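The structure appears below as structure tokens.
These numbers come from a predicted model, not from an experiment.
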Amino acid sequence: MSATPNPYLHVTETSPSLGETETLEAEECWRLLAAARVGRLAVSDELGADIFPLNFLAESGSLFFRSAPGTKIVRLTKRPGVALEIDGTDSGKRFSVVVRGDAHRLNDDAQIADSGVSDLPTMTGSDKWNYFEITPRTVTGVRFRTSR
């Protein structure tokens, strides 16, 4: 039995420069992270991964964010291993940067103030007085050209 062709699948021919992936150096990944304000935080529980958009701050080799009480904090408390991803366009090419690490709550007022996270604007107007730091284990990134 042969497969039925998918009428919605459209494959375009690409030139050699399209689709080539450039691996980014750590310094470039951190430059892109510092310029970004919104990322997607992946957390997990016994059912699997979940993703939350959030505002964050890249500072001194760590990432910082604020959160209101809720699901995200419960999951981070049980399983601190997270990933944060950003993507966008830079110099006419697409990029993606992924930070994998561990998130922990900041309880020291001096550390919160020094990080600048308490002044971080957030997407929603809710009170976000829980402060977190992500300590990276790995920082990876790619840049590539697309046909769009």
Side-chain angles (χ1 to χ4, degrees), residues 9-148:
L9 181 63
H10 178 65
V11 178
T12 59
E13 296 296 319
T14 59
S15 67
S17 62
L18 292 178
E20 290 180 11
T21 302
E22 169 193 358
T23 300
L24 301 178
E25 298 292 329
E27 182 178 291
E28 179 67 357
C29 290
W30 282 105
R31 183 189 73 78
L32 293 166
L33 286 162
R37 290 294 168 245
V38 177
R40 284 167 290 288
L41 181 72
V43 300
S44 66
D45 64 12
E46 54 282 346
L47 297 176
D50 204 354
I51 299 174
F52 298 89
L54 53 73
N55 296 93
F56 73 96
L57 173 67
E59 182 68 36
S60 302
S62 291
L63 302 176
F64 299 89
F65 66 93
R66 300 165 48 175
S67 183
T71 305
K72 186 179 348 158
I73 292 177
V74 170
R75 291 181 183 165
L76 288 174
T77 302
K78 291 182 179 181
R79 294 185 177 171
V82 299
L84 183 130
E85 191 266 350
I86 63 166
D87 59 61
T89 304
D90 184 55
S91 302
K93 296 180 182 178
R94 300 287 304 163
F95 70 86
S96 173
V97 174
V98 176
V99 177
R100 291 180 184 94
D102 295 302
H104 64 275
R105 186 190 304 262
L106 297 176
N107 294 314
D108 181 284
D109 289 341
Q111 188 179 20
I112 292 168
D114 289 345
S115 72
V117 70
S118 58
D119 298 324
L120 180 67
T122 63
M123 288 188 225
T124 64
S126 61
D127 288 334
K128 296 184 178 182
W129 41 265
N130 296 283
Y131 305 102
F132 289 86
E133 177 180 10
I134 299 173
T135 304
R137 278 184 266 123
T138 64
V139 179
T140 58
V142 294
R143 183 178 286 130
F144 51 93
R145 287 182 73 160
T146 65
S147 59
R148 298 178 186 214

A side-chain contact here means heavy atoms from C-beta on lying under 4.5 Å apart; do L63 and V99 qualify?
yes
How long is the span from the CG atom in L33 to the CD atom in E28, to the nearest 0.5 Å?
10.0 Å
Test item: S67 and W129 side chains (from C-beta on) under 4.5 Å apart, heavy atoms:
no
Taking all non-hydrogen atoms of both residues into account, name the closest pair between K93 and R145 and its distance.
CG-CG, 3.7 Å
Quick one: does T140's side chain get under 4.5 Å of V97's, heavy atoms only?
no
Looking only at heavy atoms, the pair that brings S96 and E85 closest together is OG-OE2, 2.9 Å
Tell me, please, which residues at least two apart from I51 pass side-chain contact (heavy atoms from CB on, under 4.5 Å).
R40, A42
Could you tell me the separation between the CZ atom of F144 and the OG1 atom of T23, rounded to the nearest 0.5 Å?
12.0 Å
Nearest-0.5 Å distance, SG of residue C29 to CZ of residue F95
9.5 Å
Please list all pairs passing the ring-ring contact (aromatic ring centres under 6.0 Å, His included) test where one or both residues lie in residues 42-63, with sequence neighbours left out.
none
Indicate yes or no: at least one non-hydrogen side-chain atom of E133 is less than 4.5 angstrom from one of T135.
yes
Name all pairs fulfilling the ring-ring contact (aromatic ring centres under 6.0 Å, His included) condition that reach into residues 29-50, sequence neighbours left out, sorted by first residue then second.
none
Determine, for D87 against R143, whether the closest basic-nitrogen to carboxylate-oxygen distance falls under 4.0 angstrom.
no
Looking at E22, I want to see if its CD is surrounded by more than 12 non-hydrogen atoms of other residues, nucleotides or ligands under 6.0 Å.
yes
Do R75 and E46 have side chains that approach each other closer than 4.5 Å (heavy atoms only, starting at C-beta)?
no
Rounded to the nearest 0.5 Å, the CG atom of L76 sits from the CG atom of D45 at a distance of 11.0 Å
Please report the closest heavy-atom contact between L120 and N55, naming both atoms and the distance.
CD2-O, 3.6 Å
Residue pairs involving residues 97-122 (criterion ring-ring contact (aromatic ring centres under 6.0 Å, His included); sequence neighbours excluded)
none
Tell me, which pairs form a side chain to side chain donor-acceptor pair (under 3.5 Å) where one or both residues lie in residues 113-123, sequence neighbours left out?
none
Is a side-chain donor-acceptor pair under 3.5 Å present for R66 with N130?
no
Here the gap from R105 atom CZ to N107 atom CG, rounded to the nearest 0.5 Å, amounts to 6.5 Å
Run the numbers on I112 and V117 for side chain to side chain contact (heavy atoms under 4.5 Å, CB included), then give the verdict.
CA-CA 6 Å; I112 292 168; V117 70; 4.0 Å; yes
Work out which heavy atom in P136 is nearest to a heavy atom in I134; give both atom names and the distance.
CD-O, 3.3 Å
Non-hydrogen atoms of V38 and I86 that approach each other most closely
O-CG2, 3.7 Å
For the residue pair A68 and K128, what are the closest heavy atoms and their distance?
N-CG, 3.6 Å
With sequence neighbours left out, write down each residue that passes salt bridge (charged side-chain N to carboxylate O under 4.0 Å, His left out) with R137, or none if nothing qualifies.
D102
